[in-house]
Each structure stands twice: as C-alpha cells, then as structure tokens.
There are 2 protein chains.
Amino acid sequence: MSRMTDDQLTVGQAAQRLGVTVRTLHHWDAEGLAQPSARSAAGYRLYTQADLDRLERVVLYRELGLGLNAICGLLDDPDMDAVATLHEQSAQTEEHIHRLQQLQGSLRNMIEAHERGPLVGPERQEEVLGEGWNPDWPAQARARWGHTAQWRQYAERAAVRAPEGWSELTRETEELDGDLVRAVDDGAVPGDARANDLVERHRKLFSRYFPLTRQMQVCLGRVYESDPAFAAHYDALHPGLAMWLREAIDESARLHGVDPDTASWE
Amino acid sequence: MSRMTDDQLTVGQAAQRLGVTVRTLHHWDAEGLAQPSARSAAGYRLYTQADLDRLERVVLYRELGLGLNAICGLLDDPDMDAVATLHEQSAQTEEHIHRLQQLQGSLRNMIEAHERGPLVGPERQEEVLGEGWNPDWPAQARARWGHTAQWRQYAERAAVRAPEGWSELTRETEELDGDLVRAVDDGAVPGDARANDLVERHRKLFSRYFPLTRQMQVCLGRVYESDPAFAAHYDALHPGLAMWLREAIDESARLHGVDPDTASWE
DNA sequence: GTTCTTCCTCACGTCGCGTGAGGGTCAAGC
DNA sequence: GCTTGACCCTCACGCGACGTGAGGAAGAAC
C-alpha cells in the first residue's frame, strides 16, 4: 500500500510504475526535465498524477532514442516541430544503422582473414596467388602459427589486402624465387654480396605480411631447411636451394650483428 | 620537409599520416595504448616506424568498433583469442543493429501517428473506429489542432494504442452518445445530477486522448455547438443535443468553480 | 627580432545515468 | 519508547574516447 498520502507517489513508487530507476528520476529532477510538483515536510519527492503523465511522456520519447534536451523541448515548447524532430532522429538512427552494418562487414572480413588467410574467392585463387598455390596452406599455417602474434598481424593485413595486393605479392615472391635460382646457378655463395642482397629482399618481402626481424628470419631459414614441405618447394626450384638459403640468411644475420646460433623468434 | 630528424615523426605528422587527431595520439599515449618510443630534448613526442606500425593496428581495430582496452589486449597479450574477441564484437554489433532497427520501427510509428492519427489499416478502420468514421477526420483535425500541445499528446498515445484500444474508445464513445440521447429523452436538464454525471464521463473519456481540463472542456462544448460538423453529429442523434451538451458542460464547470464565460483553452 | 605554426601539459565538458558515501525518515514490531 | 529495516535525501565520482580551450615553450621562416 502507498506511503504518505494516496494520490502522491514517492520516487520509489513512481519509478516502479514507470519501469525506471530511482536514480533516473533524481536525474530528470535535477535536470529540470520532470520535477515532482511537491515535496513532503521531510523533503521527499511527491509525484502527482500530472507528474506521472509527464514522466510517461518522457519515458516514451526516451525509448525512441531522443536525448533529454530534445525531450525537454518536445514537452515544453509548443512551437517546436515534433514531426521534424522525429524525422531527424529517424535519419540519424538510419545513418547509425548503416555505419554499424558497414562495421559488421569489416568485422566479418577480419574474422575470415584470421580463420582462412587470403580473402580471395576460390575461383580466383590460382589466378591471384599463383599456380603453385595450395588451398590447404592457410589452414596448415593457422594450425602451426595461429597462436602467434605474427599470425594476428598477418591476418590484420590480409583483411585489408585486395586481390590485386595478393597478386603483387605473389608476383614478387615468384620473382625472388627466380632470382634465387639464377644466383645459385651463377655460383653465388652464402655471405657474398648477391646472396646478402637476396636475403634482404626476402626479409622486406615477408615484412609485408608481418614485421620480420633478422632473428625471426634466421628461424624461418631453419624452417625452410627442416620442414619437408618448404624444403621440397625450394629444392624443386633448384636442388640444395633450401640449405643455401638457410646459410645465406645466417651469413646475412651475422653481418648485421645477429648470432644465428642463438637467434630466437620474437 | 620533415621537422626534427628524418625517420622520427612529430605528433602532427603522425596524426596526419594516420588520419587521426593530435589529441587522439595524446590520449593513446596517456593511456599507454601506443606511446612514442622517444622524445626530443624539448619533450616533443617522436614516433618511429615501429610506433607507426603499432598505431596503424590501433586505428584498424578502432575502425572495427573495438574499445581501447580490447585493442590493448589484442596488441599486447599474445594469449588473447583474437578471433573470439572479434566474434564477441560482431555479436554486440549485431544486437546493437537490431535494437536500432526496432527503434526505427517505433519512430516510424510515432511519425505516422503524428501525421495520420489512428494507426489502423484502412480496411479495418470501419470495424475498429465505428460506422460513422470518416477517413478525412484525422487530416482535418490535424489542420485545425496539429500545432497544439494536445495534438502532440494525442499522437503520442495514438502511437502506442493498438486497434483493440481504438475499438474500446469507439465503443465507449458510442455508449456515451446513446446515454446522452436517452438522458435528453428522459427530460434531463443541464445542471442536474444526470447531466453532470454525463459531462464528467465525457471529460474522462476525452482525457484518454489527452488531458482535458474543465476549462478546455468548456471550449470544446462551444466548438460542438458552433462547428457545423460537430453540431450536425449531435443534432442527428437528437435535435438540440449540441446545445444541450454545451449548456450541460457549462453548468458542470460552474459547479466545479470554473466560470464558463472566461474559460480558455490551456 | 618577429611572427606563425606546432608542440607541451593540465583540466574541464560531453551524455545519461550507475554506484557508493554518509546521514535523515517512515512504518512496524517488541 | 526503542530498535530494525526499508526507503528517502544530497553530494560527488566514474564511465569512454576523446573535444576544446588555457597558458606557455619551441621550431621554422621572414
């Protein structure tokens, strides 16, 4: 049953009827948006039926997403164009929805990139990623490196890379492979200028997937040599190329003050 | 044309490259999200290429709607599940979109109510609003009272009133009309108990459209008598009813201490 | 030397409340 | 009349991601 008198409600009672918190009514009171028309001797807010009517209107417009200032205008200023205000709010909401939908698209894109690597439709993968591309590679790579910070950066960049970007990377990778083969054919030796140059090109190229330090490059060289799949790739280009590349990377690292024997990822 | 040295950028330069404000970089610095790795002798922030790489990642994730804390985690904590974070964000965004779409519906509803009155499909209007309903009435009423505070309240309530609500109002209005006719038939006179009772029912009924004070009711009574359309409606029910009702309202007002001759809308 | 731009560090404002802190008031049971 | 528990009051800070000056130093161009 009601406290105080019968047609005056306290904040708590008013709040319960309206489905808002007491704090909210305090706030609306402080802002002058909806004040109780009376106070008890002890200073308690007393809301009359008329106050409740006004509060209901506030609640209604608040549920439409209007700001307190706008609501204040709608309730107090009869010259204000309510329909215009509502249309404006509607337009803003529409725009907001649109922005969020764009954002959803980008999020999906980024998730895809994390889960599946290059974002290129299956039908264009061979065209864009080269003839030797194997659709299973991203899954394998993710299983192996998906937990690393580098995979994360790779995915971030993949999410914003257009197919043309992938083509370019593919082309440059194939060029580098070709130049590596020619260098070995021409008798280049790990540690010589030509080898060092190629190693640096390799590092720069990989840094477009994620920042590759020289230490990390050393580790990558070891993977090339020891991992059957990588070794097979390079050795197919030129027998012994995997080992040659690993040694070339080691020599280049040494040249830049990095000890390949103690190099660690990260 | 860089200031300071060549591979260190000042805040302004970094901000321009990233498409963010200087203040934003200050903020990210203060929060520890992305700090310049050096300062000049004068205390100027100097961003290196590595700093810019990090900043770019921050910008990227910020564009996905992630909070700075989440971004901080993604950049610094390699154990954090990036994909899970993204999925969570995506779910939140989806929910947000859904809420906004609901809100858009309510806004459309409210705008309709302001512009067209009762929100009942044309095919159900006669069923819901009674046989005598004229589809032109809302437009006429809006032309006449659309600028008043009462129309606004009427529209607000109309927006949330379901067809059943309209039926009920229609039924009660028809009941009141019938009781008025019967009262006049039975010889009731303005100012007697039965008349006062009916006037009070009328006021309560109208107050379900918008709060109707006794002063306003007096004005309404005059409209009933002087406006041809309203007068025709009541006089068709019973000749002279329009005038009878106006007088009954006047008497009731007097009884409640309101002088009908000086009564004003508002 | 002067002026214009850019930089620095506080520090308050935004929006609609949530969440205590510290302390009165009300209604009821003993 | 006293306690207890629910309710009320008024500050006042916190949130999130910066915007927007205020007041002053440093850099670059004339």
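Everything quoted here is computed from the prediction, not taken from an experiment.
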Kindly determine whether B:Asp81 and A:Arg152 satisfy salt bridge (Lys or Arg N to Asp or Glu O under 4.0 Å), including the steps that lead there. CA-CA 10 Å; B:Asp81 187 343; A:Arg152 200 171 283 179; over 6 Å; no
What residues form a side-chain contact (heavy atoms from CB on, under 4.5 Å) with A:Asp197, not counting sequence neighbours? none
Whole angstrom value for the distance that separates C1' of C:dC17 from CG of A:Leu25: 12 Å
Which residue pairs pass the ring-ring contact (aromatic ring centres under 6.0 Å, His included) test with at least one member in residues 48-85 of chain A, sequence neighbours excluded? none
For C:dT9 and B:Arg39 - does any side-chain N or O of the residue sit under 4.0 Å from the phosphate oxygens OP1/OP2? yes
Applying side chain to side chain contact (heavy atoms under 4.5 Å, CB included) to B:Arg161 and B:Tyr209, what does each step give before you reach the verdict? CA-CA 10 Å; B:Arg161 204 191 310 277; B:Tyr209 295 106; 4.0 Å; yes
Nearest whole Å is fine: how far is D:dT10 P from A:Asp29 CG? 7 Å
Any salt bridge linking A:Arg108 with A:Glu115? Criterion: basic side-chain nitrogen under 4.0 Å from a carboxylate oxygen. no
Contacts of B:His27 meeting side-chain contact (heavy atoms from CB on, under 4.5 Å) (sequence neighbours excluded), chain-then-number -> B:Arg23, B:Glu31, B:Leu68
So, using ring pair (Phe, Tyr, Trp, His ring centres under 6.0 Å) as the criterion, who are the partners of B:Trp28 when residues are at least two apart? none
For B:His96, enumerate each residue passing the ring pair (Phe, Tyr, Trp, His ring centres under 6.0 Å) test, keeping only those at least two apart in sequence or located in another chain. A:His96
Starting from P on C:dC26, measure out to CG on A:Leu46 and report it in whole angstrom. 11 Å
Rounded to the nearest angstrom, tell me the gap between atom OH in A:Tyr47 and atom C1' in D:dC7. 14 Å
Describe, as an angle rounded to 10 degrees, how the axis at the first end of the helix from C:dG1-D:dC30 to C:dC30-D:dG1 is tilted relative to the axis at the last end, five pairs per end. 30°
Whole angstrom value for the distance that separates P of C:dG18 from CD of A:Glu31: 13 Å
Using a cut-off of less than 4.0 Å, is there contact between a side-chain N or O of B:Arg45 and OP1 or OP2 of C:dC8? yes
Can you list the residues that meet the side-chain hydrogen bond (donor to acceptor under 3.5 Å, both in side chains) rule with A:Arg201, with sequence neighbours excluded? A:Asp179
A:Gln35: partners by side-chain contact (heavy atoms from CB on, under 4.5 Å), with sequence neighbours left out: A:Asp29
Once base and sugar-phosphate atoms are separated, protein heavy atoms under 4.0 Å mark nucleotides 14-21 of chain D, 5' to 3', with B, S and - as ---BBBB-
Any side-chain N or O of B:Thr10 less than 4.0 Å from the OP1 or OP2 oxygen of C:dC7? yes
Between side-chain atoms of residues 211-220 of chain A and protein atoms elsewhere (two or more places apart, or another chain), which donor-acceptor pairs fall under 3.5 Å?
{"unit_1": "A:Thr213", "atom_1": "OG1", "unit_2": "A:Met216", "atom_2": "N", "d": "3.1"}
{"unit_1": "A:Arg214", "atom_1": "NH1", "unit_2": "A:Glu200", "atom_2": "OE1", "d": "2.8"}
{"unit_1": "A:Arg214", "atom_1": "NH1", "unit_2": "A:Glu200", "atom_2": "OE2", "d": "3.3"}
{"unit_1": "A:Gln215", "atom_1": "OE1", "unit_2": "A:Ser264", "atom_2": "N", "d": "3.0"}
{"unit_1": "A:Gln217", "atom_1": "NE2", "unit_2": "A:Val199", "atom_2": "O", "d": "2.9"}
{"unit_1": "A:Gln217", "atom_1": "NE2", "unit_2": "A:His202", "atom_2": "ND1", "d": "3.0"}

So, OP1 or OP2 of C:dC8: does either fall under 4.0 Å of a side-chain N or O from B:His26? yes
In whole angstrom, what separates B:Gln13's CD from D:dG27's P? 14 Å
Short of 4.0 Å, heavy atom to strand atom, which residues of residues 86-97 of chain A count as contacting DNA chain D? none
Check this for me, if you would: do B:Glu56 and B:Arg17 make a salt bridge, where the nitrogen-to-carboxylate-oxygen distance has to be below 4.0 angstrom? no
May I ask you to test the B:Gln89-B:Leu86 pair for a side-chain heavy-atom distance under 4.5 Å? no
Distances for protein N or O near nucleotides 22-26 of chain D N or O, under 3.5 Å:
{"unit_1": "D:dA26", "atom_1": "O4'", "unit_2": "B:Tyr44", "atom_2": "OH", "d": "3.4"}

Can you tell me how the ring of B:Tyr154 sits relative to the ring of B:Trp166, calling it parallel under 30°, perpendicular over 60° and tilted otherwise? perpendicular
